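All values derive from a computational prediction rather than experimental measurement.
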Amino acid sequence: MKMTDKKIIIAIDGYSSTGKSSFARQIARKLSYIYVDTGAMYRAATLFCLKYNIISDCGLNVDKIIAHLKEINIEFVFNGATRQSETFLNGENVENKIRNIEVSNHVSAISAIPEVRTQMVALQQEMGKNKGIVMDGRDIGTVVFPDAEIKIFMTAKLKIRAMRRYNELIQSGNNVTLQEIEKNISQRDYTDSHRDTSPLKKADDAVILDNSNMSIAEQMNWFEKIYQSVIEKQRNEN
Ligand code: DC
């Protein structure tokens with residue numbers, strides 16, 4: 001990459017647990033771009049609702065959530081020690097609280113509420129206004145940045161995704177079974193793809209990456225070719 005190359009927006013969408021975050025983070029590191037995990041934002045909003053009993057196993061009080069939306073303040077703060085951005089909810093570092101199965105079981109319902117999406121999308125667009133950003137989620141190429149220069153749609157076999165997420169959760173000390181992880185992932189795929197507002201779908205101009213049998217190094221090689229062709233095109237246009 002040359003310093004004179006114009007910064008672009010890289011939008012990564014796809015099914016749950018396809019490794020979007022690891023892939024997006026690597027790309028951001030390589031290009032010295034900002035990385036934004038939009039799933040973490042919906043997860044933090046879900047944690048807020050759980051904490052203040054706005055959702056419980058008895059159900060979801062949508063009016064109450066909307067009434068409290070302005071109290072949900074989400075930021076990303078770079079941690080120099082881990083060299084990663086961490087999610088903060090109202091000033092508290094919630095990075096280690098937003099990936100548990102309770103949050104995972106409620107996040108699709110919270111993220112289907114149009115008012116929640118409006119608030120998050122506005123924040124995401126603000127974060128990307130100067131470009132030089134890699135953002136991953138479900139509606140980045142379709143809604144948040146429909147003009148993104150690179151759009152990638154990630155997929156992988158369900159069993160492989162479930163196993164990857166299970167291993168991650170076990171390693172970070174969570175007590176879960178492979179069956180409940182597989183159930184959660186397939187339910188989220190369904191809810192995320194069938195909601196009325198900004199459902200998960202491939203943008204017409206996105207390229208598909210099925211990484212079922214690919215290492216991260218192979219995925220980076222794949223990306224490098226796409227990035228070079230986009231940058232080459234930009235150079236020729238200038
Ligand atoms: O990427 P993730 O699995 O951490 O995302 C958690 C949930 O948040 C996902 O099931 C759907 C929702 N989400 C969304 O609706 N839109 C996004 N841009 C990102 C995530």
Query raised in the report: Looking only at heavy atoms, what is the nearest atom pair of Thr46 and Val103, with distance?
Result: CG2-O, 3.9 Å

Query raised in the report: Which heavy-atom pair separates Ile150 from Phe223 by the least distance, and what is that distance?
Result: CD1-CE1, 4.1 Å

Query - Over 12 foreign heavy atoms within 6.0 Å of CG, Asn236 - result: yes

Query raised in the report: When rounded to the nearest 0.5 angstrom, what distance separates CG in Asn61 from CD1 in Ile54?
Result: 8.0 Å

Query raised in the report: Would you call the rings of Trp222 and Phe23 parallel, tilted or perpendicular, where under 30° means parallel and over 60° means perpendicular?
Result: tilted

**Report entry** Spacing of Arg165 atom CZ and Ile160 atom CD1 [to the nearest 0.5 Å]
**Finding:** 15.5 Å

Query raised in the report: Is the shortest side-chain N to carboxylate O distance from Glu149 to Lys6 below 4.0 Å?
Result: no

Query - Trace of the side chain to side chain contact (heavy atoms under 4.5 Å, CB included) decision for Ile12 with Val134 - result: CA-CA 7 Å; Ile12 302 183; Val134 188; 3.9 Å; yes

Requested in this report: Measure the shortest side-chain to side-chain distance between Leu178 and Met163 over non-hydrogen atoms and say whether it is less than 4.5 angstrom.
Outcome: yes

Query - Salt bridge present between Arg99 and Glu168 (N-O < 4.0 angstrom) - result: no

Query - pair Tyr33-Ile133: side-chain heavy atoms closer than 4.5 Å - result: no

Query raised in the report: Hey, are the side chains of Lys7 and Asn130 touching, using non-hydrogen atoms and a 4.5 Å cut-off?
Result: no

Query raised in the report: Is a side-chain donor or acceptor of Asp13 paired with a backbone partner of Phe153 at a separation under 3.5 angstrom?
Result: no

Query raised in the report: Between atom CG of Asp136 and atom OG1 of Thr18, what is the distance when rounded to the nearest 0.5 Å?
Result: 8.5 Å

Query raised in the report: Is a side-chain N or O of Lys20 found less than 3.5 angstrom from the main chain of Asp37, in a donor-acceptor match?
Result: no

Query raised in the report: Taking Asn211 as the fixed residue, which of Arg164, Arg161, Lys157 is the one that meets the side chain to side chain donor-acceptor pair (under 3.5 Å) rule?
Result: Arg164

**Report entry** Any side-chain donor near an acceptor of the partner, Ser85 and Arg25, under 3.5 Å
**Finding:** no

Query raised in the report: Are the side chain of Arg117 and the backbone of Ser111 linked by a donor-acceptor contact shorter than 3.5 Å?
Result: yes

Query - Side chains of Leu31 and Ile27 in contact at under 4.5 Å (non-hydrogen atoms) - result: yes

Report task. Establish whether Val116 and Phe88 are linked, either directly or via other cluster members, by ILVMFWY side-chain heavy-atom contacts under 4.5 Å. Result -> no

Query raised in the report: When clusters are formed by joining ILVMFWY residues with side-chain heavy atoms under 4.5 Å apart, either directly or through shared neighbours, do Leu169 and Leu50 land in the same one?
Result: no

Query raised in the report: Which class fits the ring pair Phe48 and Tyr52: parallel under 30°, tilted 30 to 60°, perpendicular over 60°?
Result: tilted

Query raised in the report: Taking it one step at a time, do Tyr227 and Lys30 satisfy side chain to side chain contact (heavy atoms under 4.5 Å, CB included)?
Result: CA-CA 11 Å; Tyr227 177 75; Lys30 190 172 169 76; over 6 Å; no

Query raised in the report: Between atom CG of Leu47 and atom CG of Leu89, what is the distance when rounded to the nearest 0.5 Å?
Result: 6.0 Å

Query raised in the report: Could Glu92 and Lys51 be called an ion pair, given the rule that one side-chain N must be under 4.0 Å from one carboxylate O?
Result: yes

Query - Other residues, nucleotides, ligands: >12 heavy atoms within 6.0 Å of Phe78 CZ - result: yes

Requested in this report: Show your reasoning for whether side chain to side chain contact (heavy atoms under 4.5 Å, CB included) applies to Cys49 and Lys64.
Outcome: CA-CA 9 Å; Cys49 294; Lys64 205 167 165 194; over 6 Å; no

**Report entry** Rounded distance [0.5 Å steps], OG1 in Thr155 versus CD1 in Ile208
**Finding:** 7.5 Å

Query raised in the report: Shortest non-hydrogen contact from Asn175 to Glu180?
Result: O-OE2, 4.1 Å

Report summary line: Of all heavy-atom pairs linking Thr197 and Pro114, the shortest is OG1-CG, 3.4 Å

Query raised in the report: Do Phe145 and Lys151 have side-chain heavy atoms sitting under 4.5 Å apart?
Result: no

Query raised in the report: So if you build clusters from Ile, Leu, Val, Met, Phe, Trp, Tyr with side-chain heavy-atom gaps below 4.5 Å, do Leu200 and Val36 land together?
Result: no

Report summary line: In short, Glu218 meets Met214 closest at the heavy-atom pair OE1-CA, 3.2 Å

Query raised in the report: Do Ile181 and Tyr190 share a hydrophobic cluster, counting only Ile, Leu, Val, Met, Phe, Trp and Tyr and linking them when any side-chain heavy atoms are less than 4.5 Å apart?
Result: no

Query - Atom pair CD (Glu224) and OG (Ser229), whose distance is rounded to the nearest 0.5 Å - result: 10.5 Å

Requested in this report: Say whether, by atom type as modelled, one donor and one acceptor occur between the side chain of Arg43 and the main chain of Ile98 under 3.5 angstrom.
Outcome: yes

Query raised in the report: Looking only at side chains, do Asp192 and Tyr15 share a donor and an acceptor under 3.5 Å apart?
Result: no

Report task. Evaluate whether atom NZ of Lys202 has more than 12 neighbouring non-hydrogen atoms of other residues, nucleotides or ligands under 6.0 angstrom away. Result -> yes

Report task. Verify whether one side chain among Asn100 and Asn174 offers a donor that lies under 3.5 Å from an acceptor in the other. Result -> no

Query raised in the report: Do the side chains of Ile110 and Tyr42 get nearer than 4.5 Å, heavy atoms only?
Result: no

Query - Contact summary for Asn184 and Ser104, nearest pair of heavy atoms - result: ND2-O, 3.2 Å

Report task. Answer yes or no: is there a side-chain heavy-atom contact under 4.5 Å between Ser193 and Arg138? Result -> no

Report task. Report yes or no: do Ile66 and Leu123 belong to one cluster of Ile/Leu/Val/Met/Phe/Trp/Tyr joined by side chain heavy-atom distances under 4.5 Å? Result -> yes

**Report entry** Sub-4.5 Å side-chain heavy-atom contact between Val144 and Thr38
**Finding:** no

Report task. Show the numbers, then the answer: is there a side chain to side chain contact (heavy atoms under 4.5 Å, CB included) between Met135 and Gln125? Result -> CA-CA 10 Å; Met135 194 173 275; Gln125 289 172 334; over 6 Å; no

Query raised in the report: Any luck finding a side-chain donor-acceptor pair between Gln119 and Glu115 under 3.5 Å?
Result: no

